[in-house]
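Below: one structure, written as structure tokens.
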Amino acid sequence: MAYLGTDMAFQNPGGIRADLDSGDISLMEIYKIDPFGNGLCRYEMTVSEIKAFLKGADAGFYYAGVVMENDPSGDIIIKDTGGKVWDDDHLLSIAINDYIPMVYEDYFPEPAEVYDITTAEAMIQYLRNLDVPVSYDSCNRYFRYRN
């Protein structure tokens, strides 16, 4: 995400069609994981707008770049990776496939940017630019709002 200039990313579980084994990652694996050719967009949304989406979507999502928790009070807590809780008016930049805002159009404004690559191509570029191996343990981030 850092190379896209975003704070976080979402992926719908139905858009992930294969598992990733540990070890070297091949191009074929990326295209098996993400075979749809979805476009990639960037949105600017407040923490409050993200919470409204997560609460209203009645679905779970994989995410990266932040930490999200269901609060016992019924709210959602969104933090940076260092543990700092963001206020509801904090603005975040989100990388997201173009399928999610089509399905949940009431929650997404016009995109701030539409990239000229697919989500699979973005993953490939991201992996090619990593200086360290992927930590598989830290990749398992799934969130679903629970009231």
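Each residue takes its place number in the sequence, starting with 1.
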Given Ser93, which of Met45, Glu44, Met8 fulfils the side-chain contact (heavy atoms from CB on, under 4.5 Å) condition?
Glu44

Pick out which of Thr6, Ile50, Asp7 makes a side-chain contact (heavy atoms from CB on, under 4.5 Å) with Ile94.
Ile50

Treat each ILVMFWY residue as a node, draw an edge where side-chain heavy atoms are under 4.5 Å apart, and state whether [X] and [Y] are in one component.
| X | Y | answer |
| --- | --- | --- |
| Met123 | Met28 | no |
| Trp86 | Tyr63 | yes |
| Val103 | Phe10 | yes |
| Val47 | Tyr104 | yes |
| Val85 | Val66 | no |

Which pair of non-hydrogen atoms, one from [X] and one from [Y], has the smallest distance, and what is that distance?
| X | Y | value |
| --- | --- | --- |
| Ala95 | Leu4 | CB-CD1, 4.0 Å |
| Gly39 | Thr119 | O-CG2, 3.6 Å |
| Leu92 | His90 | CD2-CD2, 3.5 Å |
| Pro111 | Cys41 | CB-CB, 4.1 Å |
| Asn12 | Phe61 | CA-CD2, 3.9 Å |
| Asp34 | Ala120 | OD2-N, 3.2 Å |

Counting distance only, does the side-chain N/O of [X] pair as donor-acceptor with the main-chain N or O of [Y] below 3.5 Å?
| X | Y | value |
| --- | --- | --- |
| Tyr31 | Gly37 | no |
| Lys51 | Ile76 | yes |
| Asp87 | Asp89 | no |
| Asn97 | Asn38 | no |

Would you say [atom1] of [X] has more than 12 non-hydrogen atoms from neighbouring residues, nucleotides or ligands within 6.0 angstrom?
| X | atom1 | answer |
| --- | --- | --- |
| Met102 | CE | yes |
| Asp24 | CG | no |
| Tyr99 | OH | no |

Flag the pair [X] / [Y] as yes when at least one side-chain heavy-atom distance between them is below 4.5 Å, and no otherwise.
| X | Y | result |
| --- | --- | --- |
| Val114 | Arg42 | no |
| Met68 | Leu54 | yes |
| Ile100 | Gln11 | no |

Distance-only side-chain donor-acceptor flag, Asp71 / Ser73, under 3.5 Å:
yes

Can you measure from [atom1] ([X]) to [atom2] ([Y]) and round to the nearest 0.5 angstrom?
| X | Y | atom1 | atom2 | result |
| --- | --- | --- | --- | --- |
| Asp75 | Asn147 | CG | CG | 10.0 Å |
| Ile30 | Gln125 | CD1 | CD | 12.0 Å |
| Phe143 | Ile78 | CZ | CD1 | 7.5 Å |
| Asp19 | Ile33 | CG | CD1 | 8.0 Å |

ring-ring contact (aromatic ring centres under 6.0 Å, His included) partners of Phe108, counting only residues at least two apart
Tyr43, Phe53

Does Tyr142 have any ring-ring contact (aromatic ring centres under 6.0 Å, His included) partners at least two apart in sequence or in another chain, and if so, which?
Tyr62

